[in-house]
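Reading through the structure tokens given below for one structure.
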Protein chains: 2
Amino acid sequence: MASIKPSVPKGTRDFSPTEMVKRNYIFDTIKSVFRKYGYQQIETPTMENLSTLTGKYGDEGDKLIFKVLNTNEQLEIFKATSLKNIIFPNGITEWDVEIERRIEEKRREALLKSTEKALRYDLTVPFARYVVQHQNEITFPFKRFQVQPVWRADRPQRGRYREFYQCDADVVGSDSLLNEAEFIMIYDEALDKLGLKDFSIKINNRKILSGVAQIIDKADSIIDLTVAIDKLDKIGLDGVIKELLERGFVQADIEKIKPVILLEGSNTEKLQSLREALAASEIGLKGCDEIETVFSYIEKCPLQTAKLELDITLARGLNYYTGAIFEVKTNEVAMGSIGGGGRYDDLTGMFGLKGLTGVGISFGADRIYDVLEELTLFPAAANQSTQVLICNFDKEGELYALPLLQKLRSRNINAELYPAGAKIKKQMEYANNKNIPYTVVIGSDEMQSGLLSFKNMTTGEQEKLAADEIVARLVE
Amino acid sequence: MASIKPSVPKGTRDFSPTEMVKRNYIFDTIKSVFRKYGYQQIETPTMENLSTLTGKYGDEGDKLIFKVLNTNEQLEIFKATSLKNIIFPNGITEWDVEIERRIEEKRREALLKSTEKALRYDLTVPFARYVVQHQNEITFPFKRFQVQPVWRADRPQRGRYREFYQCDADVVGSDSLLNEAEFIMIYDEALDKLGLKDFSIKINNRKILSGVAQIIDKADSIIDLTVAIDKLDKIGLDGVIKELLERGFVQADIEKIKPVILLEGSNTEKLQSLREALAASEIGLKGCDEIETVFSYIEKCPLQTAKLELDITLARGLNYYTGAIFEVKTNEVAMGSIGGGGRYDDLTGMFGLKGLTGVGISFGADRIYDVLEELTLFPAAANQSTQVLICNFDKEGELYALPLLQKLRSRNINAELYPAGAKIKKQMEYANNKNIPYTVVIGSDEMQSGLLSFKNMTTGEQEKLAADEIVARLVE
């Protein structure tokens, strides 16, 4: 058989034991916080019906959906363009436009028939599908979390993969702003638990952005407006003004918008200024009320580490969100957002269940991984790895070791017996490579005396101990 | 948009919160045992290169591989048969066999080019690919486990899905029979932990089956031989003899095979009889030696619950295994095998890395789920669900509740505050549906007195307690 070195498809990854321990640490931490706040886990299938996914992510998104062939059908694929050359190698005479049209039509039909399934593109649409499909079994408000991979036929590049995990929590069927406040607490608690010391949770509200568009009588230009404002960080006030003018806003608009963009001070001060600027906009004031309510909840439950910042330049997927908009950034490492979310009305409307409002957040697991790596915040994770390796030289040593091995395991200590009488150097290397903190060596002297060589692999310290003493030492 | 009730592709499943808690319980239990024995988790991508998978599962298996389209290419699918009718609606004149052949060839090329990826069919081949690809980073013997879904375009039926989880542990790079013994201990410990009281781990060895074929001078007929013997349970001795005769064995063969099939007594007695029957076969005796060595390890580490049974009728994927063969069955419920595995030489040979022997086992998670369900062995799993729901009637109650909520969570108690002033009945129903064991009701009386209504939802018992007393009660 072929001996070409095997590989994985581009944009996909293997996760080694070391990486898995770290990834599990992140996911387990976040999951435990989700559970603490009453969120329950679900899983949906890797493949969804193509009709469930298409039309939900815009034209660009649709192109990135991985389609799966129906393998049981007699699938026949053909490139019609080269077909011409095969059938009419000496030039086409009979070929005409009507034939082309009919071929195109048939081709579409065939494609549709042979690819009825596709890999999920995100967790949100499958969640909406789940809620509608199981609406009679679900207790609302339904608080669910989901940690599963998704697939996108994107051009792979540094930090962008074709297969990656999403880590989402959403609640549907409750318009209470307590949910928004709890998501802020979830971000705070989870990222604090992961060891981050300095990070910001930014909050905005779609209604405030609508209010800004309203006070300049340009409700229809909300996208242009927010796209420009969103760049304040990068291009500064002058840049934003220039862009606004290019996008058709006039000087009078800019005079009204300026105080909003340039909000300063504490969240309370910003809100106060906003209320003044948006006094003429009912929806704008509604947005201010909502933010204020969220802040009132947080006041009762002070955050542990996060800075909560009202940031009206925050827009993130504006067309999607109808209320709160969240984004999380670490201030310790240069990195894009490590989380985001917001409220959306009518998520399940796309599947025929109207009037169910929801709000959700997402953790960017790959980026969080990179942040923890850079700040060396991953714990030793000893609880997942082997604690002790028993080394031996022959069958006799092996059999001598087995009762000790069993005793260790019965005390819930992860323990291994090297499965062959290899050279001691090799066995020690094995322990080192697997980061096993202790070894026990059983040679003929040890078997005779009953005192085994117990070695701390970190300090190099060695002692002679009886089997029971070793167990006691490791149970501590 | 369409309001047809959405669904999942046939043969795939959603997992509800209740199912997820149970599935996590099974997987977490098995994983903790794998870790205790020094196995480390890896994950491989959902999609593998098609060339990695094809040719590894036989012709039948190849047909069941789900292929993924390259969506970035301008894929053109066409059914060549209907093409004829479109291009030549009045009957074909120019069409000839040579054109058909060329079309067929092009079609294959196109298919190959547009489907370079496929969903993994099992965890074993991706593991072999992983070992070869990462051989320079791996410490051998490499003990890995993997718990991920696999996909097969099988005809869905009761208990057979197109997407299902496999749960495998393998060690490669060690021919020590200690590994086989440890897998028996892993089965014993994991299934005991899951609460099974009566199950059997059956063991056989390919070399013994080879020995049986050898003593009747029919080494080439080993498949026919084992297929017949394998049915002893179902069709009895007479049935097996009939089948053997049909498959070309003669009466003299059967006289020699009979004592082997009809082995009785303890494992030791069976081994003794086998040695006598296989005295003339070197490989057969080697198989006996191997089994005996495995037993000698187990003697030093007595099993907790499992019955270990030498069963020479066990064949399972014979072509694959070269040494030990395992199968696990529960004796409490009628159910197929809930686990299996064995030793294979040269697993990585298919990817060009020769001479690496391995042995592995698999847990049948879906079947184990059904067994635990039938025997009602799932624990209350309270640790994963919300412990207490705080009910309230208005914004005032909500704000009053928040510090209590935060205190509970800071003590690691999973707690929820109902996110709206709904009717108390609705809030209690919510608690019941989510199996929340305790509720706290905060009304105006409670706020005034500081004594909150604390209710045990199981017994119905109610008490008036201060917030701190409630925390203390729940921390217990």
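Computation of the quantities below employed the complete heavy-atom set of this structure, encompassing side-chain atoms and omitting hydrogens, waters and symmetry-equivalent molecules. First the proteins, then the strands, lettered A, B, ... as listed; each starts at 1.
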Quick one: side-chain hydrogen bond (donor to acceptor under 3.5 Å, both in side chains) partners of D175(B), sequence neighbours excluded? none
Heavy-atom pairs under 4.5 Å with chain B: which of [options] has the most?
{"options": "P149(A), S32(A), S296(A), G38(A)", "value": "G38(A)"}
{"options": "A118(A), P403(A), A415(A)", "value": "A415(A)"}
{"options": "R129(A), K426(A), Q135(A)", "value": "R129(A)"}

Pick from [options]: which one has the most heavy-atom pairs with chain A under 4.5 Å?
{"options": "S176(B), S174(B), P17(B)", "answer": "P17(B)"}
{"options": "M185(B), K395(B), Q304(B), K31(B)", "answer": "K395(B)"}
{"options": "A422(B), A420(B), P141(B), S410(B)", "answer": "P141(B)"}
{"options": "L408(B), L399(B), T52(B)", "answer": "L399(B)"}
{"options": "R23(B), E19(B), H134(B), R144(B)", "answer": "H134(B)"}

Can you tell which part of [X] gets under 4.5 Å to a heavy atom of chain A, answering side chain, backbone, both or neither?
{"X": "S51(B)", "answer": "neither"}
{"X": "L405(B)", "answer": "side chain"}
{"X": "E182(B)", "answer": "side chain"}
{"X": "E43(B)", "answer": "both"}
{"X": "T44(B)", "answer": "both"}
{"X": "K407(B)", "answer": "neither"}
{"X": "E299(B)", "answer": "neither"}
{"X": "P302(B)", "answer": "both"}
{"X": "Y400(B)", "answer": "neither"}
{"X": "F145(B)", "answer": "neither"}
{"X": "N179(B)", "answer": "side chain"}
{"X": "K300(B)", "answer": "both"}
{"X": "L417(B)", "answer": "both"}

Between Q41(B) and N24(A), what is the shortest heavy-atom contact and its length?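 Heavy atoms of Q41(B) and N24(A) come nearest at OE1-ND2, 2.8 Å.
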Check Y418(B) against F140(A) and note the closest heavy-atom contact, atom names and distance. OH-O, 4.2 Å
Could you tell me which portion of [X] (side chain, backbone, both or neither) has an atom closer than 4.5 angstrom to a non-hydrogen atom of chain B?
{"X": "R13(A)", "result": "backbone"}
{"X": "Q133(A)", "result": "both"}
{"X": "E398(A)", "result": "side chain"}
{"X": "I42(A)", "result": "both"}
{"X": "T18(A)", "result": "neither"}
{"X": "S7(A)", "result": "both"}

Measure the [atom1]-[atom2] distance between [X] and [Y] for me, rounded to the nearest 0.5 Å.
{"X": "K36(B)", "Y": "T386(A)", "atom1": "NZ", "atom2": "OG1", "result": "12.5 Å"}
{"X": "S16(A)", "Y": "E137(B)", "atom1": "OG", "atom2": "CD", "result": "7.5 Å"}
{"X": "Q148(A)", "Y": "T46(B)", "atom1": "CD", "atom2": "OG1", "result": "10.0 Å"}
{"X": "F66(B)", "Y": "L119(A)", "atom1": "CZ", "atom2": "CG", "result": "10.5 Å"}
{"X": "T12(A)", "Y": "K117(B)", "atom1": "OG1", "atom2": "NZ", "result": "9.0 Å"}
{"X": "L178(B)", "Y": "L402(A)", "atom1": "CG", "atom2": "CG", "result": "6.0 Å"}

Looking at R409(B) and E189(A), is there a salt bridge between them, counting it only when a charged N and a carboxylate O are closer than 4.0 Å? no
Presence of salt bridge, K143(A) and E416(B), under 4.0 angstrom: yes
Under the ring pair (Phe, Tyr, Trp, His ring centres under 6.0 Å) rule, collect the residues that match up with Y37(A), sequence neighbours excluded.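 Expected list: none.
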Is it true that a side-chain atom of K434(A) and a backbone atom of Q40(B) form a donor plus acceptor pair closer than 3.5 Å?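 No; judged by distance alone, with no hydrogens or angles, the pair does not exist.
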